[in-house]
Amino acid sequence: EPEVTQTPSHQVTQMGQEVILRCVPISNHLYFYWYRQILGQKVEFLVSFYNNEISEKSEIFDDQFSVERPDGSNFTLKIRSTKLEDSAMYFCASCLRGSYEQYFGPGTRLTVT
Amino acid sequence: AQSVAQPEDQVNVAEGNPLTVKCTYSVSGNPYLFWYVQYPNRGLQFLLKYITGDNLVKGSYGFEAEFNKSQTSFHLKKPSALVSDSALYFCAVRVYNFNKFYFGSGTKLNVKP
């Protein structure tokens, strides 16, 4: 069965550094999402992406965040200057057009020190 | 503001007994409702959805949920719980025509043998 993959599984970075989290969505999916989850708690929507542009973003998704689909397979989340409070699990998800059933990747644990 | 509430942090049930995990929502517009399950150190896994039609929807692993428009609820149910159902359950809502999902805070289900 096709899966969403994410790399790395764990990223440790120092405050102020830039990080790029990578995701490979399922190949025929057209909608892509990033979420974060702090300490196994609430899952928070960050951004949705369709047709090579952002369709929705949350209040969390400020100028420090950006997303990109640099080629036909990868979907990346960049945090320009990390803060301690960015420490969380970041999940990528994708879905088919019209299905609304999101397939989630295993997540990247980001630790900012 | 759109929101999802899961009033119980934890639900305990004995194996073989029926289980209910509660979810209420507040949206301005027609809701699309979802349930996801998360096992430890894993991404979220889709269980079921309500888009339109029959208020009772059936999903994976014997789970079902009932959409109640007047009570703005979408409770998850299963007639007979299994120990392997023990996990974290998330309710989510998407407003029609907006590519943005709101998740509840999660309910930990403990099924004891």
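Predicted model only: the values in this text are computed from it and were never measured. Heavy atoms only: backbone and side chains are in, while hydrogens, waters and symmetry mates are out. Residue numbers begin at 1 in each chain, while the letters A, B, ... track the order of the sequences.
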Nearest 0.5 Å, what's the [atom1]-[atom2] distance between [X] and [Y]?
| X | Y | atom1 | atom2 | answer |
| --- | --- | --- | --- | --- |
| B:Lys100 | A:Ser48 | NZ | OG | 8.5 Å |
| B:Phe46 | A:Cys95 | CZ | SG | 10.5 Å |
| A:Tyr100 | B:Lys49 | OH | NZ | 8.5 Å |

Heavy-atom distance under 4.5 Å to chain A: side chain of B:Tyr32, backbone, both or neither? side chain
Pick one of side chain, backbone, both or neither for B:Leu48, based on which atoms fall under 4.5 Å of a heavy atom in chain A. neither
Surrounding NZ of A:Lys57 (heavy atoms of other residues, nucleotides or ligands, distance under 6.0 Å), is the total greater than 12? no
So for atom CD, which belongs to A:Glu85, do other residues, nucleotides or ligands contribute more than 12 heavy atoms lying within a distance under 6.0 Å? yes
Measure across [X] and [Y] and return the closest heavy-atom pair with its distance rounded to 0.1 Å.
| X | Y | answer |
| --- | --- | --- |
| A:Glu56 | B:Asn99 | CG-O, 3.4 Å |
| B:Phe103 | A:Lys42 | O-CE, 3.1 Å |
| B:Asn41 | A:Arg109 | OD1-NH2, 4.4 Å |

Where does A:Phe91 contact chain B at under 4.5 Å (heavy atoms): side chain, backbone, both or neither? side chain
What part of A:Tyr33 lies closer than 4.5 angstrom to a heavy atom of chain B: side chain, backbone, both or neither? side chain
Centre-to-centre under 6.0 Å for A:Tyr35 and B:Phe101, is that the case here? no
Comparing B:Phe98, B:Tyr36, B:Tyr102 against chain A, the one with the most heavy-atom pairs below 4.5 Å turns out to be B:Tyr36
Under a 4.5 Å heavy-atom cutoff, which of B:Arg42, B:Gln45, B:Gln6, B:Arg94 has the most pairs with chain A? B:Arg94
Hey, quick one: are [X] and [Y] part of the same hydrophobic cluster, counting side-chain heavy atoms closer than 4.5 Å, chains of contacts allowed?
| X | Y | result |
| --- | --- | --- |
| B:Phe90 | B:Val57 | no |
| B:Leu109 | B:Leu82 | no |
| A:Phe75 | A:Leu96 | no |

